[in-house]
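The next block holds one structure in the form of structure tokens; read it before the comments.
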Amino acid sequence: MLDKSALQQLQQLKAEIHDSKETFDGVVIGSHGRFGFVQLDDGQRLFLPPEEMNRVFPGDRVRVSKEPSAKKQDNAVLEELLSSELEQFCGIYVIKGEAHFVQPDLSRFNRLLFVPPKDRGERQAGDLVRCSVKRHPFKNGKAQASILKCIGRPGDTGVEERFILEKYNYQPEWSAEVQQQQESITVEKLRELVAGRNDLSHTPFVTIDSASTQDMDDALWAEATQQGWNLWVAIADPDALIEAGSAIDQEAASRATSVYLPGFGIPMLPPALSRELCSLREAVDRPALLCRMQISPEGEILSHEFEQVAIRSHGKLSYDRVSAFFATGEYDSGTETALPEAVLESLRTLKAVTSALNQHREKHAVLFEDKPDYHLELDSDKRCVAIHRVDRSPAHQLVEEAMVAANRCAADFIAAAKVDGVFVSHAGIRTDRHESLANLLKQALPALADLDLSRPEAFKTLVNAARESDQPIRTLVSRMLERSLLVRRDAPHSGMGLARYMTFTSPIRKYNDLVVHRQIKAVLANTPAAELSDEMLQGWQEQHKRARGASNELEHWYMCLYMEQQMAAGKIDYDGTVVQVHSAGMTVRLNELGVEGQIDLRKRKVKYSFDPLLQVLEKGDERYQLGDTIAVTLQRCVLDECKVYFEPVVKEAAQATQAN
């Protein structure tokens, strides 16, 4: 045995060897397998073998050293756990023999966490639970979890909604302080506020939204002039009732956005404000921030100005009825009072001016792609009983163009004032995809082979050129775009083809829009505008991302359950569009239902050739490309994974070729 002196020398030697190692800091990234990666702060990515991945969680911040590998990518060797953000999570309770585990419902997290006997309670296999991390696995690879609460079991009424609320930590309730402050904002106080503003109550503004909408942010009015049109966009002004830094304001900043889940919503502002006192409801006076625009016959915004005003909505109109009016020339008010001619004339003018704006954007910028929405109809037991496709109507286009125009004016106004804003920046094509896109252009659009992909207008050039190509160039390129970012100073929005852009038209629903209102008002009053920070903007953006994730996940869950019902009823044949292609198969979205499912071609006896540039899978006469419309058969629904699987309906010619 070693004596005490020898042990000390050995420990000192180990410490010297450890200190002499070159180490790097980074974040652990999970995978669909047992291995992982470490994304280093300098941009490098190291492979994390299964035995090392077993000691950490995705998202952990670690210190590693490099180890040469037989593969091109070096391995990471864990040296130190710097921090771990995973404290609580939701998952499924799993029992294997005498051992109890929880499977975390986390992205790229592929392991079970052991639940000790004293932390189990009376949980059963399949329970949906909320847990906490009891022991981190860094020391020995043995993680432990504690059960905090049981959310329910699959099949329980409303369990899907409760699980998503727990997973994303959404609390619909309001604090006592917020409720108390809300009660102090009275109708009388609102009337006093409105009385001090420029009164535009006789201008026939209208709101156009879904029939069920209660939190109306915007109202519109337009008139024809000798120079083109006057377009007025009045935006609800919650800032008039909510003091910056107050309890309600702090809660709104924390939430950052309203969350819209299937059959359920969590407003950013208390309902008494979002649906009543701040909402541009019909036939009542409300404070608003008005954007006046002069539009040329060609759809160019010639001038704009902002003003704090008081308005009155002369009609709560729905997309369906406005679109029907445009189609027939007659407005069906149903059981409601008929609209006055001044409102109808404004609607006709709004259609004309927004059509010109649309044509101008198509020529000089980039238009959004027309994509349908899908409305999930739920019954009283929170079961999806139908999915309704909602196509973009002329009324949707009218409102969209008016909002885009007003938002552009807000961006120009803040940029000219040289104060902090909340601009939406879009850098265009991802730098790591430049080489792939250049190769695609050489093959599909050789005239653009020398296009400088780093320039902000590159995407706009590609969109215009794509109209003359028989390949789905725009769809292919859209997969190579950067994500938009919130920034304090104006920057190009390449995805829209605009020099700058921001949003201020949804202050009831988005906190960053409310902040833009305050900045505009400060400039109008010639008072100092608030100084914003990058951390603030990043926090709001993360909350928006979180809200989209919660909504998409719950919607996908309901859709999977709905498709299982359809399959049980024998409804298995559908038409879909290929929305993703890879070497192992493709993803198809059903055209009428919006449900996305996988087609797995790996188990086929025949092999398909895959063109990663044009996103094509091919074998003989059988050919699938991104954007293709194909017939599919519903094969199975895997509820544990919330996945739907389809099989393509192969054409007879292809079947005959395959048989031969």
Any salt bridge linking [X] with [Y]? Criterion: basic side-chain nitrogen under 4.0 Å from a carboxylate oxygen.
{"X": "Glu341", "Y": "Arg348", "result": "yes"}
{"X": "Glu298", "Y": "Lys363", "result": "no"}
{"X": "Glu482", "Y": "Arg430", "result": "no"}
{"X": "Arg392", "Y": "Asp373", "result": "no"}
{"X": "Lys460", "Y": "Glu457", "result": "no"}
{"X": "Glu282", "Y": "Arg312", "result": "no"}
{"X": "Asp391", "Y": "Lys371", "result": "no"}

Are the side chain of [X] and the backbone N or O of [Y] linked by a donor-acceptor pair below 3.5 Å?
{"X": "Ser346", "Y": "Ala222", "answer": "yes"}
{"X": "Lys316", "Y": "Asp209", "answer": "no"}
{"X": "Ser279", "Y": "Glu276", "answer": "no"}
{"X": "Gln294", "Y": "Ser303", "answer": "no"}

Distance only, no hydrogens: is a donor on one side chain within 3.5 Å (strictly under) of an acceptor on the other, for [X] and [Y]?
{"X": "Glu307", "Y": "Asn198", "answer": "yes"}
{"X": "Ser201", "Y": "Asp199", "answer": "yes"}
{"X": "Ser175", "Y": "Glu251", "answer": "no"}
{"X": "Ser258", "Y": "Asp215", "answer": "no"}
{"X": "Tyr501", "Y": "Asp490", "answer": "no"}
{"X": "Asn407", "Y": "Thr503", "answer": "no"}
{"X": "Asp452", "Y": "Ser454", "answer": "yes"}

TODO: Any chance you could measure Gln519, atom CD, to Leu524, atom CG, to the nearest 0.5 Å?
DONE: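 It comes to 11.5 Å.
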- [ ] Hey, could you give me the CZ/CG distance between Phe325 and Asp320, rounded to the nearest 0.5 Å?
- [x] 15.5 Å
Show me the donor-acceptor pairs within less than 3.5 Å that the side chains of residues 185-195 make with the rest of the protein, sequence neighbours left out.
| from | atom 1 | to | atom 2 | distance (Å) |
| --- | --- | --- | --- | --- |
| Thr186 | OG1 | Lys189 | N | 3.2 |

TODO: Please list all pairs passing the ring pair (Phe, Tyr, Trp, His ring centres under 6.0 Å) test where one or both residues lie in residues 166-203, with sequence neighbours left out.
DONE: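 Every pair satisfying ring pair (Phe, Tyr, Trp, His ring centres under 6.0 Å) with a residue in residues 166-203: there are none.
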Task: Residue pairs fulfilling ring pair (Phe, Tyr, Trp, His ring centres under 6.0 Å) with at least one residue in residues 390-419, sequence neighbours excluded - done: Phe306-Phe413, Tyr319-His396
TODO: Could you point out which residue of Arg408, Lys351, Arg361 forms a salt bridge (charged side-chain N to carboxylate O under 4.0 Å, His left out) with Glu401?
DONE: Arg361
- [ ] With salt bridge (charged side-chain N to carboxylate O under 4.0 Å, His left out) as the test, would you mind laying out the steps for Asp332 and Arg321 before giving the verdict?
- [x] CA-CA 7 Å; Asp332 179 10; Arg321 288 187 176 178; 5.4 Å; no
Task: Smallest separation among heavy atoms of Glu243 and Asp249, with atom names - done: O-CB, 3.4 Å
N/O donor to acceptor pairs below 3.5 angstrom from side-chain atoms of residues 224-233, sequence neighbours left out:
| from | atom 1 | to | atom 2 | distance (Å) |
| --- | --- | --- | --- | --- |
| Thr225 | OG1 | Gln227 | N | 3.2 |
| Thr225 | OG1 | Gly228 | N | 3.1 |
| Asn230 | ND2 | Glu223 | OE2 | 2.9 |

Task: Contacts of His517 that satisfy ring pair (Phe, Tyr, Trp, His ring centres under 6.0 Å) - sequence neighbours left out - done: Phe504
Task: Working for side chain to side chain contact (heavy atoms under 4.5 Å, CB included), residues Ile429 and Leu462 - done: CA-CA 11 Å; Ile429 299 158; Leu462 286 171; 3.8 Å; yes
Open item on the list: My understanding is that only residues two or more places apart in sequence, or in another chain, count here; which of them pass side-chain contact (heavy atoms from CB on, under 4.5 Å) with Glu377?
Closed with: Val385, Ala386, His388
Open item on the list: Between Lys521 and Asp237, does the salt bridge (charged side-chain N to carboxylate O under 4.0 Å, His left out) criterion hold? Intermediate values first, please.
Closed with: CA-CA 11 Å; Lys521 287 182 178 182; Asp237 189 8; 2.8 Å; yes
Task: side chain to side chain contact (heavy atoms under 4.5 Å, CB included) between Met268 and Thr257, intermediate numbers included - done: CA-CA 5 Å; Met268 181 184 77; Thr257 179; 5.5 Å; no
